Amino acid sequence: MKKYLTIALLFLVTLAATASDKVRVGIAWVPNAAAYDRVILSIERAGGEAVILPQLRPAGFEYDNGVIGAKYVDEFGVLRQQYADVVKRDTYHGINADELLSGVQAVVFLGGGDISSTLFAVPQPWHGIADDSPADATRDVSEYLTMAYCLDHDIPVLGLCRGMQMLAVVSGAPLIQDLDTYFHDMGRPYHYLHRMQRDANGKRYYTPHDVLVTDTTSWLYAISGGDIIRDVPSWHHQVVGDVTNTPLRVTGVTPTDGVDIIEAIERTDKRFALGVQFHPEEAILKHVTGQPDAARFMPIDEAVKYFTALIGHAQYGRQFIPGHAYTRSDTTVYPKTADECYAFFAVLGKAEQGTLEGATAELSLLLNLFERRHPDAVDVSIQEVAKWATECGWFAHASRRWEGTALPEYVAVAKNVLAGNRVLPPNIVEHDCREDLAYIETNGVRYSPYENDKYVSGVTVCYQAPVHEHNGRKFGFRKPSHWVFYSFPAHRSDPFGFLCGEDCPHENVTSEADIVR
């Protein structure tokens, strides 16, 4: 129970976790120490402990006071191709990366200047715009090595703006080096949606715009809770160009002057590897410090979710691995094929929620519950999870789902989720019908469980009702409990959330008189 109490507190971002409970989140090295401040604030706001990582240097490269030697860069500050090829080939091998990155459970990569185009999988000439030259080849090399190490060792990563671009570059995707040039070459106008033009004093500022979430099975969808992310802080002129033939998938875009610009990418082969082209850390800073333009940008509780998601996956991100044998002493052979099990989960997900988005969340929660009930599980067969589902809690009635007809689109959802691509953080283990709830409480005020607009992620407490009748059917619990709301899996669906801890100040519901209808 303590393990789930800890992660629950992380999602209650207004509460402070004890130092021993905190996830240590590394921040990839940058030469400008001031750049760390807003990300440190964001990590701490989400309940984590921020750790500034050391600079990584390739084996055999020469440095002068921490700056890469002059022979390694050209006259524009771009890493020379012959040395970029060495970085891409050898990455962190030959250096003490294990020691330098020891003790961190997740890593954030910050925004900043352009990445040397020689580091692309297919190198490109520098864009040639003096106003937007690569900021620092020294940083390019350090971050490339750090990102490669994290991906190879499955350390959860969150890439912010340039950090997303580095995730793309290390994963083999190209970048569009300048949006203005890109649109001009297509004969299209560009209205600087992603970065303000300089003002009369030569200064630039963040600009807000919306992002469309394109994949409802993505981490981005789980974090945002919907199809649109409003008013993200944006400041960039480079973007990811294409993810074809890479392990990346696009999960968010912004329609821009007739073109969908990539705003979010994910590595589905990793425990958690998310890149966003915008700056949630800037929204957090603006709101916390009361900056006059804060209201123009995404709310702080929405921005913090990107960091709580990273922390959650870092601490409890074990994935289900289909096809592996899980040998507990009480496991018996379950006489079902893998295809039969996928069909079973497809029917179960549709029956419980009725939408693809809802089915994805339902099966994600099922796997979360399996892990919670079986903390010794490491490699698990799909047959074992299917067997357990027919015997578990509210899924116990699922045994009749073996006879249902599985629709292909729901089978695809089942295969995706059961491959480890969950849309809920692993601590989300609660889900009740509205009829099972007595009431909800947000900031000390009670509301009916049917008032969707009163649910606030990480804030609203859901109170289960005692056993009662509703529309001629029995609902509720012999021993009611309470838990904290996280999200709705789909429109007009039932709430999902995480357990309150033993020291939670809220009281359980004990009387039917408390039931709100």
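Hydrogens, waters and symmetry mates play no part in the numbers below; they use all other heavy atoms, side chains included. Just so you know, residue 1 is the first one in the sequence shown, and it goes up from there. Note that the coordinates shown come from a computational prediction; the quantities given were computed from them, not determined experimentally.
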> Compare all side-chain heavy atoms of Leu220 with those of Ile229 and state whether any distance is below 4.5 angstrom.
yes
> Report the distance from atom CZ of Arg162 to atom CD of Gln277, rounding to the nearest 0.5 Å.
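Rounded to the nearest 0.5 Å, the CZ-CD separation comes to 12.0 Å.
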> In terms of relative ring orientation, are Tyr149 and His153 parallel, tilted or perpendicular, with 30° and 60° separating the classes?
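Judged by the thresholds at 30° and 60°, the geometry between Tyr149 and His153 is parallel.
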> Testing the basics here: between Leu110 and Ala35, what is the closest heavy-atom pair and its distance to 0.1 Å?
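That closest heavy-atom pairing would be CD1-O, 3.7 Å.
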> Can you check whether Phe498's main-chain N or O pairs, donor with acceptor, with Asn427's side chain at less than 3.5 Å?
no
> Using only atom types and a distance under 3.5 Å, with no angle test, would you say the side chain of Asp231 pairs donor to acceptor with the backbone of His209?
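Judged by distance alone, no pair lies under 3.5 Å.
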> Would Ser487 and Ser457 count as a side-chain hydrogen bond (donor to acceptor under 3.5 Å, both in side chains) here? Give the steps.
CA-CA 6 Å; Ser487 69; Ser457 182; over 6 Å; no
> Heavy-atom distance under 4.5 Å between the side chains of Val509 and Gln464, does that happen here?
no
> Over all heavy atoms of both residues, which pair between Ala314 and Pro156 is shortest? Give the atoms and the distance, please.
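Looks like CA-CG, 3.7 Å.
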> Can you tell me how far CD1 of Ile43 sits from CD1 of Ile27, rounded to the nearest 0.5 angstrom?
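If I round to the nearest 0.5 Å, the distance is 4.0 Å.
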> Testing the basics here: between Arg267 and Ser171, what is the closest heavy-atom pair and its distance to 0.1 Å?
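Taking every non-hydrogen atom into account, NH1-OG, 2.9 Å.
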> Less than 4.5 Å apart, side chain to side chain, heavy atoms only: is that true for Leu356 and Tyr410?
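Touching, per the 4.5 Å side-chain cut-off.
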> Tell me, with the steps shown, if Ile155 and Leu101 meet side chain to side chain contact (heavy atoms under 4.5 Å, CB included).
CA-CA 10 Å; Ile155 297 172; Leu101 300 181; 5.5 Å; no
> Are any of the side-chain heavy atoms of Val240 and Leu175 separated by less than 4.5 Å?
yes
> Taking the side chain as every heavy atom from C-beta outward, state whether Trp29 and Glu143 have any atom pair closer than 4.5 Å.
no
> If I compare all heavy atoms of Pro233 with all of Phe278, which pair ends up nearest, and what's the gap?
O-CB, 3.3 Å
> How many angstroms lie between atom CD1 of Ile382 and atom NZ of Lys387, to the nearest 0.5 angstrom?
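The CD1 atom of Ile382 sits 15.0 Å away from the NZ atom of Lys387.
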> Taking His287 for the side chain and Met298 for the main chain, is one N or O donor matched with an acceptor at less than 3.5 Å?
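Yes, His287 side chain to Met298 backbone: donor-acceptor pair under 3.5 Å.
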> Evaluate the criterion ring-ring contact (aromatic ring centres under 6.0 Å, His included) for residue pair Phe496 and Tyr486; output intermediate values, then yes/no.
CA-CA 6 Å; Phe496 283 44; Tyr486 174 67; 9.0 Å; no
> How far apart are the C-alpha atoms of Phe485 and Thr442, what are their side-chain angles, what is the distance that settles it, and do they pass the side chain to side chain contact (heavy atoms under 4.5 Å, CB included) test?
CA-CA 10 Å; Phe485 170 70; Thr442 302; over 6 Å; no
> Closer than 4.0 angstrom, basic N to acidic O: yes or no for Glu302 and Lys305?
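Answer for the salt bridge query: yes.
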> Can you see which heavy atom on Leu499 is nearest to which on Trp483, and at what distance?
CA-CB, 4.2 Å
> Not counting sequence neighbours, list each pair that qualifies as a salt bridge (charged side-chain N to carboxylate O under 4.0 Å, His left out) and has a residue in residues 438-457.
Arg446-Asp514
> List the steps and the verdict of ring-ring contact (aromatic ring centres under 6.0 Å, His included) for Tyr206 and Phe297.
CA-CA 9 Å; Tyr206 289 90; Phe297 298 97; 7.0 Å; no
> For the backbone of Trp219 and the side chain of Glu266, can you confirm whether one donor and one acceptor N or O come within less than 3.5 Å of each other?
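Side chain of Glu266 to backbone of Trp219: a pair is present.
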> Determine, step by step, whether Leu363 and Asn416 satisfy the side chain to side chain contact (heavy atoms under 4.5 Å, CB included) criterion, reporting the C-alpha distance in whole Å, the side-chain angles of both residues, the deciding distance to 0.1 Å, and the verdict.
CA-CA 10 Å; Leu363 296 180; Asn416 185 43; over 6 Å; no
> Once salt bridge (charged side-chain N to carboxylate O under 4.0 Å, His left out) is applied, what residue pairs with a partner in residues 273-289 remain, sequence neighbours excluded?
Arg38-Glu282, Glu282-Lys286, Lys286-Asp293
> Kindly indicate, with the supporting measurements, whether the criterion side chain to side chain contact (heavy atoms under 4.5 Å, CB included) is fulfilled by Val211 and Val276.
CA-CA 10 Å; Val211 173; Val276 294; over 6 Å; no
> Do Leu100 and Leu53 have side-chain heavy atoms sitting under 4.5 Å apart?
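No - every pair of side-chain heavy atoms lies 4.5 Å or more apart.
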> What distance separates Leu424 CG from Glu362 CD, expressed to the nearest 0.5 Å?
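Taking CG in Leu424 and CD in Glu362, the distance rounds to 9.5 Å.
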> Can you tell me how far apart CZ (Arg139) and CG (Asn32) are? Round to the nearest 0.5 Å.
9.0 Å
> Is it the case that the side chain of Thr214 and the backbone of Thr251 share a donor-acceptor pair, with hydrogens and angles ignored and the cut-off at 3.5 Å?
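Looks like yes, one N/O pair under 3.5 Å.
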> Between Ser448 and Tyr450, is there a donor-acceptor pair closer than 3.5 Å when you use the side chain of the first and the backbone of the second?
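Yes, because the side chain of Ser448 sits within donor-acceptor range (under 3.5 Å) of the backbone of Tyr450.
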> Taking all non-hydrogen atoms of both residues, which atom of Leu248 and which atom of Ala168 are closest, and how far apart?
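The answer is CD1-CA, 3.8 Å.
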> So, the side chain of Tyr455 versus the backbone of Pro449: is there a donor-acceptor pair under 3.5 Å, distance only?
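Yes, Tyr455 side chain to Pro449 backbone: donor-acceptor pair under 3.5 Å.
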> Can you check whether Cys500 reaches Val484 side chain to side chain, under 4.5 Å on heavy atoms?
yes
> Which value, rounded to the nearest 0.5 Å, describes the distance between Ile265 atom CD1 and Gln165 atom CD?
9.0 Å
> Is any side-chain heavy atom of Leu160 less than 4.5 Å from a side-chain heavy atom of Tyr306?
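No, too far: nothing below the 4.5 Å cut-off.
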> Taking Asp210's backbone N and O only, do any of them form a donor-acceptor pair with Thr254's side chain (distance below 3.5 Å, no angle check)?
yes
> Got a sec, which residues hit salt bridge (Lys or Arg N to Asp or Glu O under 4.0 Å) with Glu435, two or more places apart in sequence or on another chain?
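Salt bridge (Lys or Arg N to Asp or Glu O under 4.0 Å) list for Glu435, sorted by chain: empty.
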